[in-house]
Amino acid sequence: MASVSSAGPSAGMSADGAKVNMAFVAAIVAVATIGGFMFGYDSGVINGTQEGLNSAFKLTEFGTGLNVAAILIGCAIGAFAAGRLADVWGRRTVMIISALLFVISALGTGAAHTSTIFVIFRLIGGLGVGAASVLCPVYISEVTPANIRGRLSSVQQIMIITGLTGAFVANYVLAHTAGSSTADFWLGLPAWRWMFWMQVIPAGVFFFALLTIPESPRYLVAKGQDAKAEAILSRLFGPGTGAAKVAEIRASLSADHKPKFSDLLDPVTKKIRPILWAGLVLAIFQQFVGINIVFYYGSVLWQSVGFTEDDSLKINILSGALSILACLAAIALIDRIGRKPLLLIGSAGMAVTLGVLTWCFSTATTVNGALHLDGSVGPIALVAANLYVIFFNLSWGPVMWVMLGEMFPNQMRGSALAVAGFAQWMANFAISFSFPAMAKMSLAATYGFYAVSAVVSFFLVQKLIHETRGKELEAMEG
């Protein structure tokens, strides 16, 4: 892996010159980021199943929005609870619980015969997704050197997109093989049910892999288990540095008290700390730009403007592949040019591409009761949508998760992640739930809102976000 700069420490060295056991670090990161894969897979599997759900449950636009977005309520609760539970039970333990929730959700959603039962099991899956969404990046940030932390934490976003793409590929293969998502497949059951049941495989892998990695050393120090923390840190950074690392962590905690939500308020003014406002901006506007409309409703969106179901599922796979490539570019850049510049580039790029999509959808005509993009407008919309996906995954996709995992001081990290994670998933719910009804009224106006959000996000990043590249977690200030 390349160094941070030509004069900086190598990937095999920490910022203070300690030799890093990169094989051990890579193994830990690989396991933790399976949670990102599950995050993506569990979120994206709904894209391609909606015809089956509508057929089985006789859904209205409201019902479709609820079935798609129900997982996000669970995500908000899971993210909110996970940050605090991780301070009590440990990062690894809560991630293991999330893996079990993924399995339960996969089995239940595939077997559901009423919309209510389906929503309940999607809520259960959401608890796992929400927990994984905040704990995997923070766990990675707590076991990796500062000089390569951004690159390694960005792997989380690649795994999220890989999970989404994996769901798209599995859905396409199942629907194509069966004939359609509603056609009967194995055991005489429709293909869309098997789309949900396929999640059991990666969820099982995640569960057993988590049993092989250690607890976060920062959590262990906070719990007074310095010996265990030193053993892990010594394995990560070498036997001569483990004790020193424990001392650094202990020093950052020594003047503090047991973490609580009041830590999020300034002790003097009693107002919300600026660092939390910055985290909330990242969390909320990552969703207000509308990215998950592409990932949750992609097949329905493209069918609504004239593409077939088969072609729409292929477009989903293309978007997923481009997203992975963009995330790889982000990994190459995030520790070189920094987090804030990538956010600004992404906001500007998304504002332009969403503006083009708004224009494209404003020209749509109605043919046999369905929207249709005439002539060259369809290909333009397709290109703009994929450029938008690229800009998002080059910037806000990975950078938000990296920054939420590293930007908060040790004392308030769990509480701040709980609040920011809750806000992120509630914003996701608001956007995803409202899309079917908003799109029915005006697809152009809907995408116009996302475009305006991208513009606003540019100026908020300029004002509120401070660079965290290369800073040790113990040096973060509130």
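Being a predicted model, the structure only gives us computed values, none of them experimental.
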For the residue pair [X] and [Y], establish whether any side-chain heavy-atom pair is separated by less than 4.5 Å.
{"X": "Leu233", "Y": "Thr241", "value": "no"}
{"X": "Pro214", "Y": "Arg92", "value": "no"}
{"X": "Pro341", "Y": "Glu467", "value": "yes"}
{"X": "Val68", "Y": "Phe433", "value": "no"}
{"X": "Val221", "Y": "Asp226", "value": "yes"}
{"X": "Val352", "Y": "Phe391", "value": "no"}
{"X": "Asn67", "Y": "Val119", "value": "yes"}
{"X": "Ile213", "Y": "Tyr139", "value": "yes"}

Main-chain N/O of [Y] paired with [X] side-chain donor or acceptor, under 3.5 Å:
{"X": "Asn393", "Y": "Ala326", "answer": "no"}
{"X": "Asn171", "Y": "Thr49", "answer": "no"}
{"X": "Asn428", "Y": "Gln424", "answer": "no"}
{"X": "Arg122", "Y": "Ser105", "answer": "no"}

Q. Looking at Leu344, Leu343, Leu460, Val399, which one forms a side-chain contact (heavy atoms from CB on, under 4.5 Å) with Ile465?
A. Leu343
Hey, could you give me the [atom1]/[atom2] distance between [X] and [Y], rounded to the nearest 0.5 Å?
{"X": "Ile46", "Y": "Gln50", "atom1": "CD1", "atom2": "CD", "result": "6.0 Å"}
{"X": "Ile73", "Y": "Phe429", "atom1": "CD1", "atom2": "CZ", "result": "4.0 Å"}
{"X": "Thr162", "Y": "Ile324", "atom1": "OG1", "atom2": "CD1", "result": "4.0 Å"}
{"X": "Phe37", "Y": "Thr165", "atom1": "CZ", "atom2": "OG1", "result": "9.0 Å"}
{"X": "Ser133", "Y": "Asp42", "atom1": "OG", "atom2": "CG", "result": "11.5 Å"}
{"X": "Leu101", "Y": "Ile96", "atom1": "CG", "atom2": "CD1", "result": "12.0 Å"}

Q. With sequence neighbours excluded, what pairs up with Phe196 under the ring-ring contact (aromatic ring centres under 6.0 Å, His included) test?
A.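 Phe196: ring-ring contact (aromatic ring centres under 6.0 Å, His included) contacts with Phe118.
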Closest non-hydrogen atom pair between [X] and [Y], with its separation:
{"X": "Ile161", "Y": "Cys327", "answer": "CG1-SG, 4.0 Å"}
{"X": "Ser43", "Y": "Leu164", "answer": "C-CD2, 4.4 Å"}
{"X": "Ser216", "Y": "Val143", "answer": "CA-CG1, 4.5 Å"}
{"X": "Gly397", "Y": "Gln286", "answer": "O-NE2, 3.4 Å"}
{"X": "Phe206", "Y": "Ala32", "answer": "CE1-O, 4.3 Å"}
{"X": "Phe102", "Y": "Ala203", "answer": "CB-CB, 3.7 Å"}

Q: Answer yes or no on whether Arg91 is positioned over the face of Tyr219, meaning its NZ or CZ is under 6.0 Å from the six-membered ring centre and within 45° of the axis.
A: no
Q) Is the count of non-hydrogen atoms from other residues, nucleotides or ligands lying under 6.0 Å from Trp197 atom CH2 greater than 12? A) yes
Q: Return yes when atom NZ of Lys340 has more than 12 non-hydrogen atoms of other residues, nucleotides or ligands closer than 6.0 Å, and no otherwise.
A: yes
Q: Would you please test Val246 and Ile249 for side chain to side chain contact (heavy atoms under 4.5 Å, CB included) and show each step?
A: CA-CA 5 Å; Val246 168; Ile249 298 170; 5.7 Å; no
**Q.** Test side chain to side chain contact (heavy atoms under 4.5 Å, CB included) applied to Met412 and Arg273, step by step
**A.** CA-CA 11 Å; Met412 62 182 289; Arg273 292 176 184 264; 3.7 Å; yes
Q. When the ring planes of Trp401 and Trp425 are compared, do they come out parallel, tilted or perpendicular, using 30° and 60° as the limits?
A. tilted
Q: Please work out which of the three classes, parallel, tilted or perpendicular, describes the rings of Tyr447 and Phe435, given edges at 30° and 60°.
A: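 Plane angle over 60°, so perpendicular.
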Q. What's the verdict on side chain to side chain contact (heavy atoms under 4.5 Å, CB included) for Met38 and Val129, showing C-alpha distance, side-chain angles and the deciding distance?
A. CA-CA 7 Å; Met38 287 308 307; Val129 172; over 6 Å; no
Q | side chain to side chain contact (heavy atoms under 4.5 Å, CB included) assessment of Glu215 paired with Gln225 | A | CA-CA 11 Å; Glu215 182 53 83; Gln225 301 178 43; over 6 Å; no
